Protein chains: 2
Amino acid sequence: MKIGELAKRCGLSVHTIRYYERIGLLPMADRDQSSHRDYDDAILTWIGFLTRLKTTGMPIRDMLRYARLRQQGSETAGERRQLLEHHRQQVRAHVAGLQESLLVLDAKIAGYAAPQLKGQNHE
Amino acid sequence: MKIGELAKRCGLSVHTIRYYERIGLLPMADRDQSSHRDYDDAILTWIGFLTRLKTTGMPIRDMLRYARLRQQGSETAGERRQLLEHHRQQVRAHVAGLQESLLVLDAKIAGYAAPQLKGQNHE
DNA sequence: CCTTGACTTCGAGTGCGCTCGAAGTCCTAG
DNA sequence: CTAGGACTTCGAGCGCACTCGAAGTCAAGG
């Protein structure tokens, strides 16, 4: 698979894929006879996971750390697990915060929805 | 209240407060005889709400839109309500996405936590 | 043969949200 | 009188994560 097709299939732009390779998030791609990048379907799994980390708010530097551990092989499994557990905690905390904010938002909207009440000042 | 104290009480930096005023998120502050900004406690409520919008992922340009409507008075209440309802939907969707990701993360961690199983490839 | 279009590298540019520093003013305490 | 510290404006700089454009190479189709 060439980079254009990979881009279509994973949802990243061609530019972004090359950028990710440059910074080390993606392994150096194999090349075909024209030195065009030639990808295996397996990369889709990895990009999918990276995307998952990204959408849950992990900064690139942390994804990078995970990516490097992964390249070092199975003896880093413990460290990778730790990293993911830590991240999971972050995400849980973030979700909890958002849910609290949703309550505030609900209350605020309820205030706007009750214009018949005097004393609503919408501050 | 001067800007330094406000900063302490609202959690923004002095620099950020001035920045927010500059871009229109905060109203032009009243000045004392030394042309230092002089704040009323009421500003804390507004900053608190802005912070809530920020932590729920609203971009500054949208906060700005809300802030401008607010300054235009009560006839914009409907539009403000709409804006908040739209934002609430965004936040709900975001929470749902995060919760789905948490399941994926759980599964991934469970894979690391079961090293006795052959065939775990941690991809 | 020639055009088309997808690929290549490289470095510069973008948008967001701050963050900082310089240079100056002004009040207060010693 | 003076030193300190908090304030003022202004514009520049930063970190993040891309995003883009120029200039070139290469293979396939008409």
Side-chain angles (χ1 to χ4, degrees), chain A residues 1-40 43 46-68 87 90-91 94 97 101, chain B residues 1-40 43 46-68 87 90-91 94 97 101:
Chain A
M1 180 182 11
K2 285 193 280 177
I3 198 170
E5 201 199 330
L6 176 60
K8 268 170 214 148
R9 289 175 62 185
C10 76
L12 298 177
S13 75
V14 168
H15 279 304
T16 302
I17 294 170
R18 281 196 286 251
Y19 166 69
Y20 278 5
E21 180 182 313
R22 214 156 63 227
I23 65 173
L25 267 190
L26 298 179
M28 299 298 283
D30 294 341
R31 304 306 181 104
D32 67 13
Q33 70 291 349
S34 307
S35 53
H36 291 187
R37 288 172 182 78
D38 189 13
Y39 293 97
D40 189 276
I43 196 76
W46 175 234
I47 292 178
F49 185 60
L50 284 179
T51 301
R52 191 66 78 171
L53 294 179
K54 183 179 72 177
T55 64
T56 50
M58 185 182 285
I60 281 193
R61 63 179 168 284
D62 294 355
M63 292 195 247
L64 215 41
R65 187 159 152 251
Y66 187 90
R68 283 195 278 251
H87 182 57
Q90 303 283 303
V91 178
H94 188 197
S101 288
Chain B
M1 179 179 19
K2 284 193 280 175
I3 197 171
E5 202 200 329
L6 176 60
K8 267 169 213 148
R9 290 175 62 184
C10 76
L12 298 176
S13 76
V14 168
H15 279 303
T16 302
I17 293 169
R18 281 195 288 250
Y19 166 69
Y20 278 5
E21 180 181 313
R22 216 159 57 230
I23 65 173
L25 269 190
L26 298 179
M28 300 296 283
D30 294 341
R31 304 307 181 105
D32 67 13
Q33 71 290 351
S34 307
S35 53
H36 291 187
R37 288 172 181 79
D38 190 12
Y39 293 98
D40 189 275
I43 197 76
W46 174 234
I47 292 178
F49 185 61
L50 286 177
T51 302
R52 189 67 76 175
L53 294 179
K54 182 178 72 176
T55 65
T56 50
M58 184 182 284
I60 282 192
R61 62 181 167 282
D62 294 355
M63 292 194 245
L64 216 41
R65 185 157 155 253
Y66 187 90
R68 282 194 279 251
H87 182 57
Q90 302 282 304
V91 178
H94 188 197
S101 288

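As a basis for the values below, the full set of heavy atoms in this structure was taken, side chains included, without hydrogen atoms, waters or symmetry mates. Quick caveat: nothing in here was measured; it's all calculated off a predicted structure. Each chain gets a letter, A, B and so on, in the order its sequence line appears, and its residues count up from 1.
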Contacts under 3.5 Å, N or O only, protein and nucleotides 27-30 of chain C:
{"from": "dC27(C)", "atom 1": "OP1", "to": "Ser34(B)", "atom 2": "OG", "distance (Å)": "3.2"}

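Taking only side-chain nitrogens and oxygens, Tyr20(B) comes nearer than 4.0 Å to OP1 or OP2 of dC18(C). The phosphate of dG11(C) has neither OP1 nor OP2 within less than 4.0 Å of any side-chain N or O from Arg18(A). Contact between the side-chain N/O atoms of Arg31(B) and the OP1/OP2 oxygens of dT9(D) is found at a separation under 4.0 Å.
Of the residues near DNA chain D, Ser13(A) and Asp38(B), the one whose nearest nucleotide (by heavy atom distance) lies more toward the 5' end is Asp38(B). For the pair Glu5(A) and Arg22(A), both in contact range of DNA chain C, the more 5′-proximal nearest nucleotide belongs to Glu5(A).
Ranking dC7(C), dG17(C), dC18(D) by closeness to the Tyr19(A) side chain, first place goes to dC18(D). Listed candidates were dG21(C), dT8(C), dA17(D). Nearest to the side chain of Ile60(A) is dA17(D). Closest to the His36(A) side chain, of the nucleotides dG17(C), dC7(C), dC7(D), is dC7(C).
In the helix from dC1(C)-dG30(D) to dG30(C)-dC1(D), the terminal helix axes, each the rotation mapping four pairs' C1' atoms onto the next four within five end pairs, subtend 20°, rounded to 10°.
Across all strands, Ile23(A) comes closer than 4.0 Å to no nucleic acid atom at all (heavy-atom distances).
Residues forming a side-chain hydrogen bond (donor to acceptor under 3.5 Å, both in side chains) with Ser34(A) (at least two apart in sequence, or on another chain): none.
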